[in-house]
Amino acid sequence: MTTPVRWLGSLMLAFSLILMGCSGGDDQAKKDEAANSKSGSMSESSEPAKPVTWRFALEEIEGSVQDAYAKEFKREIEDASGGKIKVEIYPYGSLGTSSQLTELVQNGSVELAFASPGHLASVIPEVGVFTLNFVLSDNNDVNEAVLSSDKVHNLFEPPYNKQGLELLSIVPEGWMVWTANKPLRTPADFANFKMRTMTSPILTETYKAYGANPSPMPYSEVYSGLQLKQIDGQVNPVFAIEEMSFYEVQDYLIEAHNAQFISTVISNKDWYDKLPEQQRKWLDQTRDKLVSYIYQKQEEYNNERLQKIKDNSDTKVITLTSAERDKFREASMPVRQTYIEQAGDNGKKILDTITSMVAEKEKEMKQ
Ligand code: 6CS
């Protein structure tokens, strides 16, 4: 196994305690802010007199899609601000599990983080829409137009804000792919199959609807879970299956094209609201610039890593036919009702808006 994921858990806890202990929010940023407002320089240009540091926590390791995003974000912000803002990146393994990273943003210990709906929907049920299957388009140009629109962003703002969070961006990471030690072609193949999922209850409902026995667990435990046969399979984008070495302990990779892996970039709301105008401008501009970058990057990463898996292993790749996919589509539909029950009227509005925008854009792009 190339990735030392098993010791990640204990290390993560130790580092996050150190971070909370030495930070209590961004002390340096607060001192700079105070110094700047005393000197009056903030009101003029809202540029910090001394560099400020923004901490960016990832749910994935170095070399991942989130890492590519964060590195490009760092490059852009540091460049735009002429070095007045420094970005420190904390890859998975240095701070905590996905749910713990969200808590670190909520309590101000880190300014920025990735928060994937597969975990975050436990806190913000509305975001569980991205764990539902067959909602987004097979055409990523359609998804890009819909998910980066102000209309969709504005629908998510209130539930994120309610949790003390600011939604900065909705980020695609590629098709979810199943791994298993047997072919999975029909819902019947999932009978008694222990499928590891992320931790949100809405996501587990989908795999129950397919007939599986869903086993939610943190990302860092998946490799050993597969190796020790505590779980029979897992679902993630190809780049993650390669870099977390899951394919080493699985025989099949099954492309059902049932859902895309969608993540979100968040910040602490209070921190965002209090950012000096110029800094918020740099942040918003960078976020906007990165939309097309990451759509292209995730595709590149997923294609390259699939080739790497094919070159380095005997993993068999199965792509479901559209008739086979239709059986899963059909089985997934009742889960939308469960989502609406959990996410309420706002969740229903979000689901209806996304499905109708996807249909509209698909029609528009076919013309
Ligand atoms: O499966 C998971 O838990 C994780 N998968 C990816 C690709 N990113 C973050 C998430 O926590």
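Fair warning: this is a prediction, and the values are worked out from it, not measured in the lab. First listed ligand is number 1; within each ligand, the first listed atom is number 1. Values reported hereafter were calculated over all heavy atoms of this structure, with side chains retained and with hydrogens, waters and symmetry mates removed. Throughout, numbering of the chain's residues begins at 1 and tracks the sequence.
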Fill in: Given Y252, Y210, Y207, the one that forms side-chain hydrogen bond (donor to acceptor under 3.5 Å, both in side chains) with W178
Y207
Worksheet item: Taking the inter-plane angle between the rings of W54 and F73 on a 0 to 90° scale, is it parallel (under 30°), tilted (30 to 60°) or perpendicular (over 60°)?
Response: tilted
Practice prompt. Please indicate whether E299 has more than 12 foreign heavy atoms, meaning atoms of other residues, nucleotides or ligands, lying under 6.0 Å from its CD.
Written response: no
Discussion item. I need the F130 CZ to F156 CZ distance, nearest 0.5 Å.
Written reply: 4.0 Å
Response to the item:
When E78, E76, K71 are each screened for side chain to side chain contact (heavy atoms under 4.5 Å, CB included) with K74, the one that passes is E78
May I have every N or O pair linking ligand 1 to the protein at under 3.5 Å, one per line with atom names and distance?
from: ligand 1; atom 1: 1 (O); to: R196; atom 2: NH1; distance (Å): 2.7
from: ligand 1; atom 1: 1 (O); to: N236; atom 2: OD1; distance (Å): 3.3
from: ligand 1; atom 1: 1 (O); to: N236; atom 2: ND2; distance (Å): 3.1
from: ligand 1; atom 1: 3 (O); to: H119; atom 2: NE2; distance (Å): 2.9
from: ligand 1; atom 1: 3 (O); to: R196; atom 2: NH2; distance (Å): 2.9
from: ligand 1; atom 1: 5 (N); to: N236; atom 2: OD1; distance (Å): 2.9
from: ligand 1; atom 1: 8 (N); to: E60; atom 2: OE2; distance (Å): 2.6
from: ligand 1; atom 1: 11 (O); to: S98; atom 2: OG; distance (Å): 3.2
from: ligand 1; atom 1: 11 (O); to: H119; atom 2: NE2; distance (Å): 3.2

Donor-acceptor contacts under 3.5 Å from residues 229-239 side chains, at least two apart:
from: D232; atom 1: OD2; to: K194; atom 2: N; distance (Å): 2.7
from: Q234; atom 1: OE1; to: N236; atom 2: ND2; distance (Å): 3.0
from: Q234; atom 1: NE2; to: T179; atom 2: OG1; distance (Å): 3.1

